[in-house]
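First comes the structure, then the notes that go with it.
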Amino acid sequence: MSEAWEPLRIEPSASVVVVTGAGVSAESGIATFRDKGGIWEQYDLERVATPRGFAMDPDLVWRFYSERRAQVLGCEPNPGHRALVALERYLEPRGRFLLVTQNVDGLHQRAGSRRVLPIHGSLLRTRCSNDTCPSQPFDDEQSYMDGAPRCTTCGALLRPDVVWFGEYLDPDLERQARLAIADCDLFMAVGTSGLVYPVAGYVEIAAHYGVPRVLVNLEPPANLGAFTSFYQGKSGEVLPAILRSVAEAIGLG
Ligand code: OAD
């Protein structure tokens with residue numbers, strides 16, 4: 001099965017940026033957003049993933065994120081996550097590695113990835129919805145099925161520390177991602193539909209600088225034409241296969 005995919009040749013001194021989306025966690029049992037039966041088929045995006053939805057019904061939003069928290073806490077990283085850990089370890093001594101993930105599930109970090117930019121935030125963190133409140137975001141695995149919690153500092157509603165539609169990404173994370181892409185030797189995207197900007201546009205930055213652009217995805221995404229090679233399949237199978245030379249080089253093969 002995995003023999004169908006030729007291993008990628010990556011120099012140990014290379015600089016590699018990998019962008020991941022929901023597809024990389026699908027084999028851990030976490031539903032994607034836009035596939036058949038995905039999250040946005042079951043829930044109204046406007047009601048649960050926008051500032052307006054939160055203002056209208058914060059309890060509903062917290063029920064949605066509480067369910068997702070519980071689900072993520074019951075899931076484990078899969079071979080796709082682990083193959084990216086191997087790539088980071090392979091590059092660590094001489095090259096550079098950066099993982100930009102749109103996933104809020106924390107599975108890359110749990111697998112052992114260290115240079116991770118969680119550019120859409122984190123499901124297992126909570127913060128105050130009042131931007132002038134001095135309180136800081138905090139780690140939070142709690143479920144709030146009975147209603148939205150309130151900030152102990154200012155009394156405003158607390159919210160999940162994720163980026164919603166209509167909100168800006170953290171400018172510092174955005175800057176780090178863009179600089180790394182402009183200066184890398186290989187750009188990879190894994191498990192993402194290429195529909196949600198700005199991240200869907202990162203491949204264009206790599207294209208602008210003439211960087212090879214590898215895609216690993218189950219289905220052809222919206223921005224397929226921007227990539228220089230496409231490995232169609234499940235990331236939990238394709239990544240260990242195309243990164244097997246890397247894993248062997250660090251004694252994990
Ligand atoms: P999507 O659900 O839009 O796309 C998932 C992609 O993964 C699809 O192209 C699938 O073909 C592919 N896929 C599914 N299973 C796979 C597997 N086992 N291996 C490889 N690929 C697989 O998810 P994202 O592109 O991550 O944002 O969505 C981007 C953002 O839109 C999310 O971060 C979220 C969402 O709305 C917010 O909530 C702000």
Side-chain angles (χ1 to χ4, degrees), residues 1-2 4-5 18-54 61 64-65 67-69 71-72 75-84 99-108 111 116-125 159-170 173-174 177 188-203 214-227 229-243:
M1 156 192 75
S2 56
W5 291 293
V18 183
V19 170
T20 63
V24 83
S25 292
E27 288 151 275
S28 294
I30 299 176
T32 61
F33 295 95
R34 295 175 184 80
D35 292 305
K36 199 168 175 326
I39 292 174
W40 299 146
E41 242 178 42
Q42 299 163 47
Y43 294 90
D44 181 352
L45 180 161
E46 294 291 336
R47 293 181 70 197
V48 299
T50 64
R52 201 171 117 83
F54 185 67
V61 172
F64 171 70
Y65 284 99
E67 280 171 12
R68 294 188 61 206
R69 273 185 181 177
Q71 187 195 32
V72 158
C75 291
E76 296 297 328
N78 67 56
H81 295 107
R82 287 194 285 275
L84 294 176
L99 178 49
V100 182
T101 187
Q102 298 166 93
N103 299 344
V104 296
D105 56 33
L107 288 183
H108 284 302
V116 185
L117 299 184
I119 205 142
H120 284 177
S122 173
L123 183 60
L124 298 177
R125 286 173 73 79
R159 57 166 283 180
D161 192 16
V162 298
V163 180
W164 285 326
F165 289 92
E167 293 185 319
Y168 290 106
L169 307 192
D170 179 325
L173 299 190
E174 264 262 84
M188 291 176 70
V190 185
T192 178
S193 55
L195 286 166
V196 178
Y197 285 79
V199 177
Y202 285 178
V203 64
V214 169
L215 171 71
V216 176
N217 219 58
L218 194 55
E219 301 292 343
N223 56 357
L224 177 65
F227 290 88
S229 42
F230 176 31
Y231 296 82
Q232 185 164 12
K234 294 183 175 179
S235 51
E237 295 171 4
V238 178
L239 285 177
I242 65 175
L243 295 174

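One is the number of the first residue; the rest follow in order along the sequence. Counting convention: from 1, in listed order, for ligands and their atoms alike.
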Any idea how Trp40 and Phe165 line up, ring-wise: parallel (<30°), tilted (30 to 60°), or perpendicular (>60°)?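 If you compare the ring of Trp40 with that of Phe165, the planes turn out perpendicular.
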Would you call the rings of His81 and His108 parallel, tilted or perpendicular, where under 30° means parallel and over 60° means perpendicular?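 Plane angle over 60°, so perpendicular.
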Suppose we screen for side-chain contact (heavy atoms from CB on, under 4.5 Å). Which residues come up paired with Ala226, at least two apart in sequence or across chains?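 In terms of side-chain contact (heavy atoms from CB on, under 4.5 Å), with neighbours along the sequence ignored, Ala226 is linked to Val203, Glu204.
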Between Tyr231 and Glu237, do the side chains contain an N or O donor and an N or O acceptor separated by less than 3.5 Å?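 Their side chains do not contain a donor-acceptor pair, so the 3.5 Å distance test is not met.
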Pairing donors with acceptors under 3.5 angstrom, does anything connect the side chains of Thr192 and Gln102?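 Side-chain D/A pair, Thr192 to Gln102: present.
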Name each N or O atom in ligand 1 that is under 3.5 Å from a protein N or O, and give the partner atom and the distance.
{"unit_1": "ligand 1", "atom_1": "2 (O)", "unit_2": "Phe33", "atom_2": "N", "d": "2.7"}
{"unit_1": "ligand 1", "atom_1": "2 (O)", "unit_2": "Arg34", "atom_2": "N", "d": "2.8"}
{"unit_1": "ligand 1", "atom_1": "3 (O)", "unit_2": "Arg34", "atom_2": "NH1", "d": "2.7"}
{"unit_1": "ligand 1", "atom_1": "3 (O)", "unit_2": "Ser193", "atom_2": "OG", "d": "2.6"}
{"unit_1": "ligand 1", "atom_1": "4 (O)", "unit_2": "Ser193", "atom_2": "N", "d": "3.4"}
{"unit_1": "ligand 1", "atom_1": "7 (O)", "unit_2": "Gly191", "atom_2": "O", "d": "3.3"}
{"unit_1": "ligand 1", "atom_1": "9 (O)", "unit_2": "Asn217", "atom_2": "ND2", "d": "2.8"}
{"unit_1": "ligand 1", "atom_1": "11 (O)", "unit_2": "Glu219", "atom_2": "N", "d": "3.3"}
{"unit_1": "ligand 1", "atom_1": "18 (N)", "unit_2": "Glu27", "atom_2": "OE1", "d": "2.9"}
{"unit_1": "ligand 1", "atom_1": "19 (N)", "unit_2": "Ser235", "atom_2": "N", "d": "2.8"}
{"unit_1": "ligand 1", "atom_1": "19 (N)", "unit_2": "Ser235", "atom_2": "OG", "d": "3.3"}
{"unit_1": "ligand 1", "atom_1": "21 (N)", "unit_2": "Leu218", "atom_2": "N", "d": "3.2"}
{"unit_1": "ligand 1", "atom_1": "25 (O)", "unit_2": "Thr192", "atom_2": "OG1", "d": "2.7"}
{"unit_1": "ligand 1", "atom_1": "25 (O)", "unit_2": "Ser193", "atom_2": "N", "d": "2.9"}
{"unit_1": "ligand 1", "atom_1": "25 (O)", "unit_2": "Ser193", "atom_2": "OG", "d": "3.3"}
{"unit_1": "ligand 1", "atom_1": "26 (O)", "unit_2": "Ala22", "atom_2": "N", "d": "2.8"}
{"unit_1": "ligand 1", "atom_1": "28 (O)", "unit_2": "Arg34", "atom_2": "NH1", "d": "3.2"}
{"unit_1": "ligand 1", "atom_1": "31 (O)", "unit_2": "Arg34", "atom_2": "NH1", "d": "3.0"}
{"unit_1": "ligand 1", "atom_1": "31 (O)", "unit_2": "Arg34", "atom_2": "NH2", "d": "3.2"}
{"unit_1": "ligand 1", "atom_1": "33 (O)", "unit_2": "Gln102", "atom_2": "O", "d": "3.2"}
{"unit_1": "ligand 1", "atom_1": "33 (O)", "unit_2": "His120", "atom_2": "ND1", "d": "2.8"}
{"unit_1": "ligand 1", "atom_1": "36 (O)", "unit_2": "Arg34", "atom_2": "NH2", "d": "3.2"}
{"unit_1": "ligand 1", "atom_1": "36 (O)", "unit_2": "Trp40", "atom_2": "NE1", "d": "2.8"}

Is any side-chain N of the basic residue among Lys234 and Glu219 closer than 4.0 Å to the acidic one's carboxylate O?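 Answer for the salt bridge query: no.
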